[in-house]
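Report on one structure; see the data block that follows.
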Amino acid sequence: MHPKLLQHDLDQETATLLEREDSLALDCEMMGLNPFRDRLCVVQIGTASGECFLVQLFAGDDPVRLRQVLENQAIQKIFHYARLDLLFLKMQANIETANIYCTKIASRLSRTYTDRHGLKEVVRDLLGEKLDKQNQSSDWGRAELSTEQIYYAAYDVKYLFAIRSILDQMLEREGRTSLARELFAFLPVQRKLDELQLEGIFEH
Ligand code: MN
């Protein structure tokens, strides 16, 4: 796996290539967990055939090609915990990601035998692979990413296709496929609520 590193936006060649896919694996790295404060630094994109592209973003960037790919309804974007990434993509890059699959929601709906739904645990349980999360809290805002960061970022999207395929089978087996789809379709609404910092809207 040789991740291709891009800065400020996708290049036209990569954008054209990605627009031909029907699904993409997505992840983001940020300066922190607060989308009102922290900058979005890296957007990772994986393809079904195992290619990986890392787009490094900097203050003031307007990633037009990246936006076009992520807003394309015809391409499903697979995230693990889409909720946070969707909020960062909107608030920090003005991207309204469309057609979302969240492996964390799929895991919570199907793997009710456990309360461990982190990417590392899901990858270990379903694929028997070990995911190293050591570089999670590193300085993703630096101009030149380290080799460790580049591979860490790429590994975060590497298994999403394989996980989706197993979770889809489990959802089907448990009769929760359509509920999962309804929850995925709600994610853009949840993103709007998060942007308004409106918690507990369904509460009494
Ligand atoms: Mn990540």
Side-chain angles (χ1 to χ4, degrees), residues 1-10 14 18 21 23-48 50-58 61 63 66-67 69-70 75-93 95 97 100-108 116-127 129-167 184 187 190-191 194:
M1 178 181 52
H2 285 283
K4 184 175 172 185
L5 202 53
L6 300 152
Q7 296 189 316
H8 308 293
D9 196 359
L10 293 169
T14 307
L18 295 178
E21 303 288 320
S23 296
L24 293 170
L26 259 294
D27 189 34
C28 299
E29 305 300 335
M30 316 78 158
M31 283 305 291
L33 293 175
N34 183 345
F36 297 88
R37 176 194 65 193
D38 301 323
R39 198 162 64 73
L40 172 63
C41 303
V42 183
V43 178
Q44 301 104 285
I45 307 176
T47 66
E51 293 159 295
C52 181
F53 304 90
L54 309 187
V55 185
Q56 249 188 310
L57 296 176
F58 300 90
D61 280 351
L66 177 66
R67 183 177 301 119
V69 171
L70 296 194
I75 308 169
Q76 183 170 70
K77 290 42 158 233
I78 315 165
F79 292 88
H80 189 79
Y81 196 45
R83 183 177 174 184
L84 187 67
D85 290 342
L86 294 181
L87 189 56
F88 268 94
L89 285 164
K90 175 62 171 63
M91 296 197 62
Q92 300 283 325
I95 295 173
T97 313
I100 302 142
Y101 186 106
C102 178
T103 50
K104 190 165 201 170
I105 289 176
S107 176
R108 284 190 192 279
R116 306 189 62 132
H117 300 284
L119 181 60
K120 186 180 169 148
E121 283 75 33
V122 177
V123 164
R124 188 178 46 209
D125 184 32
L126 299 183
L127 304 172
E129 299 279 353
K130 199 169 172 283
L131 203 59
D132 186 3
K133 295 303 276 182
Q134 242 180 59
N135 269 282
Q136 189 162 35
S137 329
S138 60
D139 178 10
W140 291 101
R142 57 193 281 186
E144 209 166 312
L145 298 176
S146 70
T147 309
E148 289 76 23
Q149 283 179 310
I150 291 171
Y151 280 90
Y152 168 85
Y155 266 87
D156 261 1
V157 290
K158 181 182 162 78
Y159 298 115
L160 293 178
F161 279 94
I163 290 172
R164 179 186 65 174
S165 141
I166 295 172
L167 290 170
F184 301 154
L187 280 164
Q190 182 63 60
R191 195 267 298 153
D194 288 339

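Order of appearance sets the numbers: ligands from 1, and atoms from 1 within every ligand.
Protein-derived N/O/S atoms nearer than 2.8 Å to the Mn ion (ligand 1) total 3, waters excluded.
Applying the side chain to side chain donor-acceptor pair (under 3.5 Å) rule to R108 yields no partners; only residues at least two apart in sequence or on another chain are considered. Taking the ring pair (Phe, Tyr, Trp, His ring centres under 6.0 Å) definition, one finds that F184 meets it with Y101, sequence neighbours left out.
For residues 141-154, the set of pairs meeting the salt bridge (Lys or Arg N to Asp or Glu O under 4.0 Å) definition, not counting sequence neighbours, is empty.
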inquiry  = Evaluate D132 against Y155 for side chain to side chain contact (heavy atoms under 4.5 Å, CB included), listing each step before the verdict.
reply    = CA-CA 8 Å; D132 186 3; Y155 266 87; over 6 Å; no
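None of V122, L26, V123, L119 except one satisfies the side chain to side chain contact (heavy atoms under 4.5 Å, CB included) rule with L160; the exception is L119.
When side chains are defined from C-beta on, I163 counts as touching L127, because their heavy atoms get closer than 4.5 Å.
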